[in-house]
Undergrad: 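Attaching a single structure in structure tokens format; questions to follow.
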Amino acid sequence: MSPDVDLTAPTPGPHPVRDGLLRLDQRVFEAVAARHWPGADSVLPRLSRGANHGVLWFAAAAALAAARTPRSRRAAVRGLASLSLASLTINTLGKRSVRRPRPVLDPVPLARQLKRQPITTSFPSGHAASAAAFATGVALESPAWGAAVAPLAGAVALSRVYTGVHFPSDVLAGAALGAVAAFAVRGMVPTRAQLIPPARPRADVPALPGGEGLVMVANTASGTADRVRALCDALPRAEVVECDPEDVGAELEKAAERAVVLGVCGGDGTVNAAAEIAMRHGVPLAVLPGGTLNHFAHDLGVEDAKDLCRALEGGEGVRVDVGRFTSGDRRGTFLNTFSLGVYPELVREREHWSPRIGGWPAGVLAAVRVLRADRHPLEAEVQGRRRPLWMLFAGNGTYHRMGLAPGRRLDLADGQLDIRVVHGGRRPALRLLSAALAGPLTRSPAHAAVQVGRLRLTGVAPGTLLAFDGEITETQGDLVLEKLPEALTVYRPLTGNHLVDHSS
């Protein structure tokens, strides 16, 4: 007799419900073992092995990312994040809480059995949890891609019973835990659909069947070829003008003179130029994201040609605010952000290095170089108080943060400038980081945030760098920032996945 057996410990008594469920579990397991599906003996065991250590799902994520659309890349990242949380939960809590032995393999045909049998406990199924977590995470970000991944996830879950390594209840419990993990990740980092701005104020814009009346100007330096091709396929009557960066302004002016709707495909700087021209000519603007960040298009809910085509053919549009800055004789507009201080220097450094090493590495290098440099904060008088500043940020609309997600604008016509100030002092890098993490409407000795409709800055030295929508210029002295309420009419999808309207 084993010395570890405690003869005084009470043995579990009979429990009709529990015992009935266990018997049902065993009968279903044996029914699956007795059933033969053509081709399953060669496919399901391999699929089950392929899912070991998440290899299958990493490959699926790579395939999604290769689709080269923002939605597919986000779906891949969300799927892997959900899988990681599910695996962590299963391995730290699930397997240790219920130490259920694996099924006896006698009813399972030898051809189905895995060459290497798992040695961990049976409940719950880690493979089923990973499959459900990945598929659910992908579906929460992109229902279309989720539908494509779901059959693969279901096959992996089925394979665990088919090969005899799990009871059906192990798989069901694992799948449920995986789905819960995906929703938990969504609670921490909301999906793009949760951040779509309200569809107001709606604008009366013409519907363009087949794109007739649209003149789309595409900045070829932004790598827009694939997106423009998709637009041409969907809207064969649209006119597309592709041009180099130095010709974008002239082509936009010519396009606005003959277009019913002015279209632009490029980065935020190109979109900014198009917005100014559209307002001056009094025509609606259609934005097809074609740059690296595409803040304005994404905050509108336009991520690709499919979104824009739906809005154009359906005649769906809104009016949005535009920010304006004035410094001496210089005047400009911004759709996204305006800034003074450290950030314009960072943009200039990034643009210098980006052609050599790529966008994201250039951004990291620029941040390191700017924050390590020996510099002094700029001096300006803000709201009647003169003070040193490391940075002043003004957003065209209030930026919000949900969970761990970066700030997004939930209303592009709220009439507010979102002002963030990082005060001068020691350790600028620490001050800037704390301000970035703190979010809106916060105050501290290092930073502050307010929402206003107009802001005047005096005492700004002429020649101070400023950045607006990724472009760099110099001030001519004092600055005035203000809003142009509902000054721009833009197309954005108001139907389908974008049925969001909080105006009523």
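The chain is numbered in sequence order, starting from 1. Not measured: the values here are computed from a predicted model.
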Undergrad: With a 4.5 Å limit on heavy-atom distance, are the side chains of I277 and V264 in contact?
TA: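 In short, these two side chains do not touch, never coming nearer than 4.5 Å.
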Undergrad: For the pair D469 (side chain) and N336 (backbone), establish whether a donor and an acceptor sit closer than 3.5 Å, ignoring hydrogens and angles.
TA: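 Such a contact is found between D469 side chain and N336 backbone.
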Undergrad: Treating E474 as the side-chain partner and P462 as the backbone partner, does any N or O pair qualify as donor plus acceptor under 3.5 Å?
TA: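 Not confirmed, E474 side chain does not pair with P462 backbone.
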Undergrad: Would you call the rings of F393 and Y399 parallel, tilted or perpendicular if under 30° counts as parallel and over 60° as perpendicular?
TA: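 It falls in the perpendicular class, over 60°.
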Undergrad: Quick one: salt bridge (charged side-chain N to carboxylate O under 4.0 Å, His left out) pairs with a partner in residues 132-153, sequence neighbours left out?
TA: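 Salt bridge (charged side-chain N to carboxylate O under 4.0 Å, His left out) check on residues 132-153 returns R74-E141, R78-E141.
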Undergrad: Measure the shortest side-chain to side-chain distance between M216 and L308 over non-hydrogen atoms and say whether it is less than 4.5 angstrom.
TA: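 Answer yes - side chains close enough.
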Undergrad: Which heavy atom in G453 sits nearest to a heavy atom in L417, and how many Å separate them?
TA: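 It is O-CD1, 3.9 Å.
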Undergrad: What is the distance from atom CZ of R456 to atom OG1 of T326, rounded to the nearest 0.5 Å?
TA: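 OG1 of T326 is found 10.0 Å from CZ of R456.
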Undergrad: So which atom in V261 and which in L312 form the shortest heavy-atom distance, rounded to 0.1 Å?
TA: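 That would be CG1-CD2, 4.3 Å.
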Undergrad: Can you tell me how far the CZ atom of R71 sits from the CG atom of D304, to the nearest 0.5 Å?
TA: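 R71 atom CZ to D304 atom CG measures 5.0 Å (nearest 0.5 Å).
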Undergrad: Under the ring-ring contact (aromatic ring centres under 6.0 Å, His included) definition, can you give me all pairs with a residue in residues 130-154, not counting sequence neighbours?
TA: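 Residue pairs passing ring-ring contact (aromatic ring centres under 6.0 Å, His included), neighbours aside: W57-F134.
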Undergrad: Please determine whether the number of non-hydrogen atoms from other residues, nucleotides or ligands lying under 6.0 Å from atom CG of D204 exceeds 12.
TA: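 12 or below, so no.
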Undergrad: Looking at every heavy atom in both A275 and L488, which two are closest together, and how far apart are they?
TA: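 The pair with the smallest heavy-atom distance is CB-CD2, 3.8 Å.
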Undergrad: Does some side-chain heavy atom of V287 sit less than 4.5 Å from a side-chain heavy atom of V302?
TA: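 A side-chain contact under 4.5 Å is absent here.
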Undergrad: In terms of side-chain geometry, is the basic nitrogen of R409 or D321 positioned less than 4.0 Å from the acidic oxygen of its partner?
TA: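 A salt bridge is absent here (no side-chain N lies under 4.0 Å from a carboxylate O).
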Undergrad: Check side chain to side chain contact (heavy atoms under 4.5 Å, CB included) between A230 and all other residues, then give those that pass, not counting sequence neighbours.
TA: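 For A230 the side chain to side chain contact (heavy atoms under 4.5 Å, CB included) partners, ignoring immediate neighbours, are A305.
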Undergrad: For A133 versus S82, what's the shortest heavy-atom pair and its separation?
TA: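 In this case the closest contact between A133 and S82 is O-CB, 3.3 Å.
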Undergrad: Hey, is the main chain of L484 close enough, under 3.5 Å, to the side chain of R324 for a donor-acceptor pair?
TA: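 Between the backbone of L484 and the side chain of R324 there is no qualifying donor-acceptor contact (under 3.5 Å).
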Undergrad: Run the side chain to side chain contact (heavy atoms under 4.5 Å, CB included) test on L457 and L340 for me, step by step, so that the C-alpha distance in whole Å, both residues' side-chain angles and the decisive distance to 0.1 Å come before the verdict.
TA: CA-CA 11 Å; L457 295 94; L340 292 169; 4.1 Å; yes
Undergrad: With D268, which residues qualify under salt bridge (Lys or Arg N to Asp or Glu O under 4.0 Å), at least two apart?
TA: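 Testing D268 for salt bridge (Lys or Arg N to Asp or Glu O under 4.0 Å), a comparison that skips the adjacent residues, returns none.
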Undergrad: Quick check against the 3.5 Å criterion: does E212 have a side-chain atom that pairs as donor or acceptor with the backbone of R237?
TA: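 Looks like no, no N/O pair under 3.5 Å.
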Undergrad: Give every donor-acceptor pair under 3.5 Å between a side-chain atom in residues 242-252 and any protein atom, sequence neighbours left out.
TA:
unit_1 : atom_1 : unit_2 : atom_2 : d
D244   : OD1    : T220   : OG1    : 3.4
E251   : OE2    : K254   : NZ     : 3.3

Undergrad: Quick one, L392 with L455, criterion side chain to side chain contact (heavy atoms under 4.5 Å, CB included). Give me CA distance, side-chain angles, the key distance, then yes/no.
TA: CA-CA 11 Å; L392 182 141; L455 182 71; 4.3 Å; yes
Undergrad: With side chain to side chain contact (heavy atoms under 4.5 Å, CB included) as the test, would you mind laying out the steps for V205 and T489 before giving the verdict?
TA: CA-CA 8 Å; V205 292; T489 299; 3.4 Å; yes
Undergrad: Run the side chain to side chain contact (heavy atoms under 4.5 Å, CB included) check on F338 and N396 step by step: do they pass?
TA: CA-CA 8 Å; F338 169 97; N396 176 33; over 6 Å; no
Undergrad: Compare all side-chain heavy atoms of D411 with those of Q416 and state whether any distance is below 4.5 angstrom.
TA: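 Sidechains of Q416 and D411: no contact.
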Undergrad: Roughly how far apart are K483 NZ and L481 CG, rounded to 0.5 Å?
TA: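 CG of L481 is found 11.0 Å from NZ of K483.
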Undergrad: Could you tell me whether a side-chain N or O of S84 sits under 3.5 Å from a main-chain N or O of L80, the two making a donor and an acceptor?
TA: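 Checked: pair present.
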Undergrad: Once you round to the nearest 0.5 Å, how far does CD1 of I419 lie from OG1 of T398?
TA: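 The CD1 atom of I419 sits 10.0 Å away from the OG1 atom of T398.
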Undergrad: Between A76 and L64, what is the shortest heavy-atom contact and its length?
TA: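 For A76 versus L64, the nearest heavy atoms are CB-CB, 3.9 Å.
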Undergrad: Can you spot which of N294, V320, D307 makes a side chain to side chain contact (heavy atoms under 4.5 Å, CB included) with L300?
TA: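 Going through N294, V320, D307 one by one, the side chain to side chain contact (heavy atoms under 4.5 Å, CB included) with L300 is satisfied by V320 alone.
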Undergrad: Is atom NE2 of H53 surrounded by more than 12 heavy atoms (other residues, nucleotides or ligands) closer than 6.0 Å?
TA: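 No, NE2 of H53 has 12 or fewer neighbouring heavy atoms, counting only those of other groups under 6.0 Å.
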Undergrad: If you define the side chain from C-beta out and look only at heavy atoms, does anything of L412 sit under 4.5 Å from V318?
TA: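 With C-beta onward as the side chain, the pair stays apart.
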Undergrad: Measure the shortest side-chain to side-chain distance between N272 and T333 over non-hydrogen atoms and say whether it is less than 4.5 angstrom.
TA: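 When only atoms from C-beta onward are counted, T333 and N272 do touch, with a gap below 4.5 Å.
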Undergrad: Checking the side chain of N219 only, and the main-chain atoms of T270 only, is there a donor and an acceptor separated by less than 3.5 Å?
TA: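 No, N219 side chain to T270 backbone: no donor-acceptor pair under 3.5 Å.
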Undergrad: Evaluate the side-chain proximity of L152 to L47: yes if any heavy-atom separation is below 4.5 Å, no if none is.
TA: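 Side-chain contact under 4.5 Å: yes.
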Undergrad: If you measure from CG on L56 to OG on S130, what distance do you get to the nearest 0.5 Å?
TA: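 With rounding to 0.5 Å, CG (L56) is 10.5 Å from OG (S130).
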Undergrad: On a heavy-atom basis, which atom in A129 and which in A86 lie closest, and how many Å separate them?
TA: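 Scanning both residues, the minimum pair turns out to be O-CB, 4.1 Å.
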Undergrad: Any side-chain heavy atom of N52 within less than 4.5 Å of one from H127?
TA: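 They are in side-chain contact.
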Undergrad: How long is the span from the CZ atom in F325 to the CZ atom in R330, to the nearest 0.5 Å?
TA: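 Interatomic distance, F325 CZ to R330 CZ, rounded to 0.5 Å: 8.0 Å.
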Undergrad: Within the distance-only criterion (no hydrogens, no angle test), does the side chain of S327 pair as donor or acceptor with the backbone N or O of Q476 below 3.5 angstrom?
TA: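 At least one qualifying donor-acceptor pair exists.
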Undergrad: Would you please name every residue forming a salt bridge (Lys or Arg N to Asp or Glu O under 4.0 Å) with E276, sequence neighbours left out?
TA: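 Here no residue qualifies.
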